[in-house]
Every structure is written in structure tokens, then in C-alpha cells.
Number of protein chains: 2
Amino acid sequence: MDKQTVTIYDVAREAAVSMATVSRVVNGNPNVKPATRQKVLDVIDQLDYRPNAVARGLASKKTTTIGVVIPDLTNSYFSELARGIDDVALMYKYNIILASSDENHDKELQVVDNLTAKQVDGIIFMGNQISDELRESLDRAHAPIVLAGSVDEQRQLPSVNIDYVAAVTDAMNRLIQRGNKRIAFVTGSMDESINHDYRLKGYQQALSSARLNYDAGLVFQTDYSYRAGYALAQALQDVKATAAYVGDDELAAGVLNGLTDAGVDVPADFEVITSNDTRFTEITRPRMSSITQPLYDIGAVSMRLLTKLMNNEEIGERTVVLPYGLKKRQSTK
Amino acid sequence: MDKQTVTIYDVAREAAVSMATVSRVVNGNPNVKPATRQKVLDVIDQLDYRPNAVARGLASKKTTTIGVVIPDLTNSYFSELARGIDDVALMYKYNIILASSDENHDKELQVVDNLTAKQVDGIIFMGNQISDELRESLDRAHAPIVLAGSVDEQRQLPSVNIDYVAAVTDAMNRLIQRGNKRIAFVTGSMDESINHDYRLKGYQQALSSARLNYDAGLVFQTDYSYRAGYALAQALQDVKATAAYVGDDELAAGVLNGLTDAGVDVPADFEVITSNDTRFTEITRPRMSSITQPLYDIGAVSMRLLTKLMNNEEIGERTVVLPYGLKKRQSTK
DNA sequence: ATGAAAGCGCTAACAG
DNA sequence: CTGTTAGCGCTTTCAT
């Protein structure tokens, strides 16, 4: 039942060199004579030696493992980001410890402490409520961290996103130009900075530029789920909205189908525009117009940035803003 | 830049006990006098001591970390399974190292070796082509493994699934009873055991029970993507199929929309039934009829089974088969 | 109930 | 270019 049969010591003995030398060839240290390197390599091959990453981690204080905290694995927005993270992590030979936070503050704290105990070399964090408590936990990790597709209202933490304010403003302008006067704003919790400090700001800016009144009754705060959106159909009609900006694609799909099933014609009688351009936008009928953002890239760039931070490389800008766009499909006129 | 400031040694000194005692209280060993336990606890609190999991792992040969290999993070089928795995892992205090395989055989081998190096205590594997090579790698891990929502044609590895053959047979019978004579079979690669050895078998069984001929021209092998399904619309009409069983929900959504956009009325002129009952089935219009399966539970039960295996607990059946169902929605008559 | 001591498998100075 | 020697921080016998 030995997990580890052959160790670096066995290789050293068999190859008649010191373990330091074995360590050197394993780690690609150039200070080894080709002949002995080959000899060691042969023995490694013959014994089928595999370095123990845990021992390595303890000795070197580097685990080549990063932590990724994700609010919801089953939400396409996050899983697309994760894919970008994963690809780049692989490229740089880092393993990922996945930690689900369920957008729950206590759990976020817990998982971060947990990642710290595991001595991760860095953390990619997705989530939009960075409390002071969390900031402390993150500090204790003594490891670099970057926010992926998430914002830090205090702009202290390195992050990669798009310009959410401008994106929402653009989306709103589109709706306003088409003559909509009562446009609903539908997103997740306003406790999330991205909703409260960015999207809502964009919403209000567009309104005020168009000299339209801001009506709190048009603001819907719910959770990011299809069901939640579907359930909103009646309320949306009750407030006489003729369009909606929605902060999540599944939520938007729910709004769209809820409305359609209630006999509302989208986009003729009601326009909807969503935020993340995930695959859901193509699957619904009508297809959903959306803000577009390079999700995979946001994840990939986050991870790349993290590697730089972990290597103490020179960083240009700690907050990288990627370009967004607007894609008109069928849910808007 | 010290990652670890306070160690067990510091606590021992400060509490005037040996590190062995500190270790005992940290690990909940009952052989500690309540008074000294309290003293140690106080010092731990005061110094904000956090055990280093890496050192622990090296000393105890247990990392409380498991590896999860997943073909595609962005596919709902797998992410739903992962959610179940994750929840139970948390419950038993295991961390998850996530390893994407991209349904690529070489990558599977590589990630398994990687997980082995990291000394994971167990592995949950999703994927349906267990080659001999992979089996060897898995063996070398010296860690228990369970297949989640995946099959091992050789039935050697512990796994949790539904009865795929029966499920597909049921789905086919439904289609056949409605009078369909030419039913397409649309799935991913036939190299995958689940497609070749299970689903296809169910398809053929249903056909033969109904005395319908098996026509290889009705079998479509593609990848699990919306685009792939969408692109199949013409081919499906060319072979004069009037219905299709589809092995993946996104793929099915593609088939459905492709057909609809080509002017085919679903379900009036063409029925489709899919396999995984993920959220996509509710979002498409018409909604998709589907085999139902307890995805979250499959993941959860897999993880639970793995914990038992890791603790050398007595296991009843190494292959657990969960119930499936059939849900009629609007894509079938 | 508690302590001493020997590792776990590897890296990293430091010599030579 | 290679070997020696300490640890890394913790668990785990084995004594006491």
C-alpha cells in the first residue's frame, strides 16, 4: 500500500550519484555533465521514478498549484472564464484547486483560508463582493491574487475585466434610440459591486443623457437563474416596461421565454439585451442581442497576469481592461 | 516574503508543550488533558497559527485532496456532475484538483500522471474511453478511482451511472410507438464506450424489438456542440429521418434549431429526444423531451463512494446504477 | 497524558 | 560538475 515506492534516493543509489545530482537533472539544472545526466535519466526511466510534488512543495515552498474560487461552476459565464484560466495554467504547468463559493460570503472566506493552508502559489478570484474580511484573508494567503471578470470597487486588487459602465451605457443607448422610455434593469444582487457600482451606473448615465427619469421601480434584483427570469414576466409588464437590460444570459433567457409564454412579442413589444454573450444567446428563440465580451480571454489573461505576479515580473498595468462589443441578434429591433 | 510565519514549533514553545502535543490538539486526538488543550488552543488563536497542509501531506502521506478529471468544464452535463462532486467533497473536507482532459486521450494520461505526482488521495474520472494505457496510469496512482457518469466497458473500475442501454431503449420505444420508422442516432464519437457499447446497443435493441431495420446511414457521429448539431439539419433530412435520439443536450439544441431554421416543424414533422435533461431542455423552443438522470446525485454518490474507498470501508456494490426517467416536453408528439 | 526523536521526499546553499 | 548537509513543517512511533 505504499503510495511512493521509488524515491530520489533510490535513483541516486542506482545511478551512483548523489541525490543532489538527481534533483538537478529532474529540474533541468544545466550544471550536470551530459554523460551523468544520461545515466540518471536512464535509471529514472528504468525505475519509473516520479518526483513527489508534495515533498517538492515543502522543500521549495512552491506548490505549482493555484486556487480558483468560482461562484457557480454551472454558470456559463464562469465556466467560460475557467476554461481560459485552465488553458493558461496548463501552459505554465500550474495545477488548479477549484473552490466553489456559491456566491456566499462565509464560504468565500472559508475557501480562501483553505487554499492558504494548501500553500497555493496564487489565487484567481471570481466574485464581486470583496469585503474587508475577505481582503484580510486574501492578505494572509501571502500569495498574489487576481480578479477575473470581477471588480474590486476599491481598485486595489489586480483584475481583468471589460468596461462594464461603458458597455451597459452602450446597450442602453441602443434601447433608448429605438424609442424605449421605460427600460427595466434586471440583475443579481445589488450587494455585488459589479451590479451596484458599475452596471447600475451605466444604466443611470444612459438614462440621464437621454433626459429620462430614473425609476427605482424598474430595477429588479434577483438571482442569476433561468427560473428567476421566467418569473419576472408579469412584474415587467406591470411596471409597463417595454425593454430590459439583463445582467446574465440565463436570467435573460428566462425573461425572454417568460415574456413570450405570457404572449408578449419579443422584440416587437418588448426588447431585451443581455450581458455575457454565452452560448445561450444563440439557443433561445429569438436569439438574444448581447453585450459581447471575450470571456475565454478574460480568464486566460487573468492567469497570465497571475503567473507574472508569482514570478515577481514587472507588471505594466495591474488592472487590464479588455474590449467589449454589442451584438445585435433578434431580441432587439 | 515568508509564506509561513508561524509554525507548530512556535506554538509549542509559546504554550510550553511539545510539538507532538500541539499536533494532537490540532488533529483532535483525545489523549490531551483538557487544560493543556485549552492552553494550546489559546496560543493557536493568539498566534493565528494555520497548519501547513503540504507538510502535513508529506508526513502523513495523505493530502486530503482528490483529482477530478473532466472532459469539458463548459458542458452542462459535466458541470452538473462536478457540482455534486464538489458538494460532497466539501462535506468530507477534501479539496479538488481540477484537470481538464478535453476528451483527449494523451491529455488524460498526462493529467492522471500529474495528479499522481501531486499525491491525490483519490480520483474521480469522467470520460468514456478507458484505454489500457490509461488503466496503467490509473494503477500507478495507487489511489482509488471512481468513474462518474462514465462507463468502463470492462466493468473493472467502480462507477456510478444510469442504465444507458435501457434508457435509450425506452426513448426509442417512445419514438417508435409514435410511428417513426426512420430514427436517427446522433451522438459523439463511437470511440467512446458509452456511445458504442451502450447507447447504440439500446438503439439497436429497440429497433429489432420493433422489427425495424438498422440502417448505418442513420447513425451520426459528431462532437458534442451546438454548432455540430445545427449543421446536421440537412443531412438528417437527406436520409429521410423523421426523428432523432441525441446523446447530448447542446448537440440536441443544435439539431432542433437547425431543423427549425430549415423550415422543419418540430415535433409535427420531426421529433427529437435528448439525453441529459440539463437546463438546455427548458430553454429551447420547443422545449426538449429528454431522458432524465440525476446528474447532481451521480456526482455526489461518486464522491461519497470515493471517500469510502479512500477509507478502506466496506463497499457493497462497486458499480452503482441510479434511476433514470423519461420526460416528455414539446419536441416529441 | 506528554515528550523526544526519527523521518516523509525533496531542494538548496555551501563546499570542493 | 558533483557531493554533503541541513532543513521545509508536520505526523508518528516509542518511551516515560
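Every chain is numbered from 1 and lettered A, B, ... according to where its sequence line falls, protein lines coming before strand lines. If you're wondering where the values come from, they're calculated on a predicted model, not measured in any experiment.
Between B/Val17 and A/Tyr9, it is B/Val17 whose nearest contact on DNA chain C lies nearer the 5' terminus.
Contact between the side-chain N/O atoms of B/Thr36 and the OP1/OP2 oxygens of C/dA1 is not found at any separation under 4.0 Å. Distances shorter than 4.0 Å separate some side-chain N or O of A/Lys61 from OP1 or OP2 on D/dG9. Taking side-chain N and O atoms only, B/Asn31 has a distance below 4.0 Å to OP1 or OP2 of C/dA1.
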Find every protein N or O atom lying less than 3.5 Å from an N or O atom of nucleotides 11-15 of chain C, and list the pairs.
{"residue": "C/dT11", "atom": "OP1", "partner": "A/Asn27", "partner atom": "OD1", "Å": "3.4"}
{"residue": "C/dT11", "atom": "OP1", "partner": "A/Asn27", "partner atom": "ND2", "Å": "3.2"}
{"residue": "C/dT11", "atom": "OP1", "partner": "A/Arg56", "partner atom": "NH1", "Å": "3.0"}
{"residue": "C/dT11", "atom": "OP2", "partner": "A/Ser23", "partner atom": "OG", "Å": "2.7"}

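In this structure, B/Glu317 has no side chain to side chain donor-acceptor pair (under 3.5 Å) partners at least two apart in sequence or on a different chain. With sequence neighbours left out, the side chain to side chain contact (heavy atoms under 4.5 Å, CB included) criterion links B/Ala16 to no other residue. Shown here are the side chain to side chain donor-acceptor pair (under 3.5 Å) partners of B/Ser100, two or more places apart in sequence or in another chain: A/Asp86.
Recorded end-axis angle for the helix from C/dA1-D/dT16 to C/dG16-D/dC1 stands at 30°, based on five pairs per end and rounded to 10 degrees.
In terms of heavy atoms, A/Ala143 sits closest to A/Asp121 at CB-O, 3.7 Å.
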Report, one line per pair, each donor and acceptor closer than 3.5 Å where one atom sits in a side chain of residues 91-99 of chain A; sequence neighbours left out.
{"residue": "A/Tyr92", "atom": "OH", "partner": "A/Arg304", "partner atom": "NE", "Å": "2.8"}
{"residue": "A/Asn95", "atom": "OD1", "partner": "B/Lys118", "partner atom": "NZ", "Å": "3.4"}
{"residue": "A/Asn95", "atom": "ND2", "partner": "B/Asn114", "partner atom": "OD1", "Å": "2.9"}

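In this structure, A/Arg83 does not pair ionically with B/Asp72, as no charged nitrogen and carboxylate oxygen lie closer than 4.0 Å. Salt bridge status for B/Arg13 with B/Asp10: present, with a side-chain N to carboxylate O gap under 4.0 Å. One finds a salt bridge joining B/Asp102 and B/Lys107 here, because a Lys/Arg side-chain nitrogen approaches an Asp/Glu carboxylate oxygen to under 4.0 Å.
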